[in-house]
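Report on the structure given below.
Below, all heavy atoms of this structure are taken into account, side chains as well, without hydrogens, waters or symmetry copies. Residue numbering restarts at 1 for every chain, and letters A, B, ... go by the order of the sequence lines. Bear in mind the structure is a predicted one, so any value in this text is a computation, not a measurement.
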Protein chains: 2
Amino acid sequence: MGQNIKLDKIDRKILEILQSNAKITNAQLSKEIGLSPAPTLERVKKLEVSGIIKSYHAKLDTDKIGLGVSTFVYATLKGHNRGNIDVFLEEINKIDEVIECHHVTGSGDFVLKVIAADISAYQKLMLEKVSDISVVDNLQSMVILSTFKDSKVMPLSSTE
Amino acid sequence: MGQNIKLDKIDRKILEILQSNAKITNAQLSKEIGLSPAPTLERVKKLEVSGIIKSYHAKLDTDKIGLGVSTFVYATLKGHNRGNIDVFLEEINKIDEVIECHHVTGSGDFVLKVIAADISAYQKLMLEKVSDISVVDNLQSMVILSTFKDSKVMPLSSTE
DNA sequence: GTTTTTACGAAATAATATTCGGCATACTAG
DNA sequence: CTAGTATGCCGAATATTATTTCGTAAAAAC
């Protein structure tokens, strides 16, 4: 499963460019891929309609907006049954500061990415909202000290 | 440290909207925040110039482009001195499949996010490129089974 | 209370996206 | 081999959108 959409070299180049700079004009994009604006736009539209391009997002500087603390949290549930997982996900979805939630292998549990203003806000958040979820057994936090790479560009070359 | 830029309610709303939909037209954005197009654009430009908005990115459907495996990797180095860290970062930066690299608390090591076409490609990548870095001591992979939340919207409300 | 600054809106202009018809190439069926 | 059909492209016309300009009003400073 997955895809059955064939992407040629030009499509891949478009995807690469739009991942690193979504604000490029169609005219400029067309120059960079070596086509005229019309077929360029047609290709982009096709990529959007097919769902290969899901959405477009602005990336913010978290420090500048007063969000100084980012963490990964490894969460273990009390039981790994469907019911507990559903309860957990429902609660997690309500918490804006939890911006990612992935079900991972290991002990069949979750990795969260959490963002807060500072350590004290983070502590408060975890204590009052996350620890408080009934099905949560254990939480292990890793505070991000610095981020050296945060690329929004998927390795398309590896699928050629 | 961090910021000294004052954001009012309108700025925050702009940031919220652009994070979830960067392709909105200025006219539409101005409607949603209740201003006319001119001052809306002026505010967006200010947010861009000040670096609060860092960049704009297209988000792709990894499954549809044939990238079926995403993982978190917890990497431990042989020594935590500056030299070893520099070596590690330099090598990591060369690997396109490693799309994130964060220095985290814990044992003072790194969390990577890695993307590959399938498990066998992933294994090959880790064996031939990541494990191979001289200063790497231990690698622990967590394969992402499914992602329940992957919000690109930072919790701005928590800084109000 | 006056000056200065800042923020806003409306309308004109400029830039850009989008549509349209036509042409070339490649593929298909007879 | 050939007529037919589909696909992908280009260039130009059109429509949409961004951007600038300028005048006004509110807020802040003095």
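- A 4.5 Å side-chain heavy-atom check between A:Ile14 and A:Ile33 finds at least one atom pair inside the cut-off.
- First and last contacting nucleotides of DNA chain D toward chain A (any atom under 4.0 angstrom from a heavy atom, 5' to 3' order): D:dG8 to D:dG11.
- Looking at heavy atoms from C-beta onward, A:Asp86 lies in side-chain contact with A:Arg82 at the 4.5 angstrom threshold.
- One atom, CD1 of B:Ile33, and another, C1' of C:dG9, lie 13 Å apart when rounded to the nearest Å.
- A 4.5 Å side-chain heavy-atom check between B:Ile65 and A:Met154 finds at least one atom pair inside the cut-off.
- Between A:Val73 and A:Val130 the shortest side-chain heavy-atom distance does not fall below 4.5 Å.
- Each of B:Thr40, B:Leu35, B:Leu15 was scored for a side-chain contact (heavy atoms from CB on, under 4.5 Å) with B:Ile10, with one residue passing: B:Leu35.
- Looking at A:Arg43, A:Lys46, A:Lys45 one by one, the single match for salt bridge (charged side-chain N to carboxylate O under 4.0 Å, His left out) with A:Asp11 turns out to be A:Arg43.
- The shortest distance between side-chain heavy atoms of B:Leu18 and A:Leu60 does not fall below 4.5 Å.
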Produce the list of close N/O pairs, under 3.5 Å, pairing protein atoms with atoms of nucleotides 17-24 of chain C; give distances to one decimal.
| from | atom 1 | to | atom 2 | distance (Å) |
| --- | --- | --- | --- | --- |
| C:dA17 | OP1 | A:Asn26 | N | 2.5 |
| C:dA17 | OP2 | A:Asn26 | N | 3.1 |
| C:dA17 | OP2 | A:Ala27 | N | 3.2 |
| C:dT18 | OP2 | A:Lys45 | NZ | 3.3 |

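- Rounded to whole Å, the distance from CZ on B:Arg43 to C1' on C:dA7 is 8 Å.
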Inset, instruction - Could you give me the CA-CA distance, side-chain angles and deciding distance for B:Ser141 and B:Tyr122, then say whether side-chain contact (heavy atoms from CB on, under 4.5 Å) is met? - result: CA-CA 10 Å; B:Ser141 294; B:Tyr122 177 73; 2.8 Å; yes
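- Atom P of nucleotide C:dG9 and atom CG of B:Leu29 are separated by 13 Å, given to the nearest angstrom.
- Contact annotation: B:Lys46 side-chain N/O to C:dT6 OP1/OP2 distance is not under 4.0 Å.
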